[in-house]
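Take a look at the structure below.
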Amino acid sequence: DAKTTQPNSMESNEEEPVHLPCNHSTISGTDYIHWYRQLPSQGPEYVIHGLTSNVNNRMASLAIAEDRKSSTLILHRATLRDAAVYYCILRDVTDKLIFGTGTRLQVFP
Amino acid sequence: SAVISQKPSRDICQRGTSLTIQCQVDSQVTMMFWYRQQPGQSLTLIATANQGSEATYESGFVIDKFPISRPNLTFSTLTVSNMSPEDSSIYLCSAGTGRLTEAFFGQGTRLTVV
């Protein structure tokens, strides 16, 4: 299983943008980059995913490096509700989601 | 999108007994997975629930301890057998249609073994 590396924790103030980095230097050509987050006492929820091109949805944006060895999840305006653990996961042809330790995001009012 | 319902949401069980957790998806999915999440930890994949055949277990997990069924495309069960306090954890079901799309998760079953 390809691995990802994320900072253990990050902090942000409310209504500021947040850039959550992820390194995945051993990514293969068919691996999709998925991001999920887990709010306290809840199951993980999908945030965004991509293969090569940058992606935008109503929750966030995903910026993927040209060599695909890193990516950044961008929350354009953090809210208190965005405080969660964010997981960057490479999803390969087995379709399994193998979770790492993730980044715990704290958002301050 | 898909909605996943897990039952029970929580339970307290005696050591040596077994508990079966049910996972129901409101639409047909190709992939179903079972995870365990111990307090303060990340999720650990237990197995892939295969429809109509034996589940595929990850390293460290065995069928005798965690038998899994998946009789159709929308339903799966995970049994935690011969429980010990070390099995106290949150067990989560996940489902989806592959890596090109999002995966969905249930709210989890919080198991306490006493």
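Numbered from 1 within each chain, the chains take letters A, B, ... in sequence-line order.
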Mark yes or no for whether Y36(A), through its side chain, and A103(B), through its backbone, hold a donor-acceptor pair below 3.5 Å. yes
What part of Y35(B) lies closer than 4.5 angstrom to a heavy atom of chain A: side chain, backbone, both or neither? side chain
CZ/R110(B): more than 12 non-hydrogen atoms of other groups inside 6.0 Å: no
Sort out for me which residue in T30(A), D92(A), T94(A) forms a side-chain contact (heavy atoms from CB on, under 4.5 Å) with R99(B). T30(A)
Q6(B) versus chain A, the contacting section by heavy-atom distance below 4.5 Å: neither
Could you check whether atom CG of D67(A) has more than 12 heavy atoms from other residues, nucleotides or ligands sitting under 6.0 Å from it? yes
What part of T101(B) is in contact with chain A, defined as an atom under 4.5 angstrom from a non-hydrogen atom: side chain, backbone, both or neither? backbone
Contacting moiety of V85(A), where chain B heavy atoms sit under 4.5 Å: neither
For G100(A) against S42(B), the heavy-atom pair lying closest together: O-OG, 2.5 Å
Comparing E45(A), H49(A), Q42(A) against chain B, the one with the most heavy-atom pairs below 4.5 Å turns out to be H49(A)
What distance separates E102(B) CD from I48(A) CD1, expressed to the nearest 0.5 Å? 11.0 Å
Heavy-atom distances under 4.5 Å only: say whether I90(B) touches chain A with side chain, backbone, both or neither. neither
State plainly whether one hydrophobic cluster holds both Y86(A) and I74(A), where clusters connect Ile, Leu, Val, Met, Phe, Trp and Tyr through side-chain heavy atoms under 4.5 angstrom apart. no
Consider only side-chain heavy atoms of I, L, V, M, F, W and Y, link residues closer than 4.5 Å, and tell whether L80(A) and M10(A) are in one cluster. yes
With hydrophobic residues grouped by side-chain heavy-atom distances under 4.5 Å, do F61(B) and L19(B) end up in a single group? yes
Are V80(B) and W34(B) grouped together when hydrophobic residues (ILVMFWY) are joined by side-chain heavy atoms under 4.5 angstrom apart? yes
Working to the nearest 0.5 angstrom, can you tell me the gap between L45(B) CG and L97(A) CG? 8.5 Å
Spell out, as yes or no, whether a donor-acceptor pair under 3.5 Å connects the side chain of R91(A) to the backbone of G98(B). yes
What is the minimum heavy-atom distance between L100(B) and Y32(A), and which atoms define it? CG-OH, 3.5 Å
Among the clusters formed by ILVMFWY side chains lying less than 4.5 Å apart, do I98(A) and I46(B) turn up in the same one? no
Does CD1 in I12(B) sit with more than 12 non-hydrogen atoms of other residues, nucleotides or ligands closer than 6.0 Å? no
Name the region of L92(B), side chain, backbone, both or neither, that has any atom closer than 4.5 Å to a heavy atom of chain A. side chain
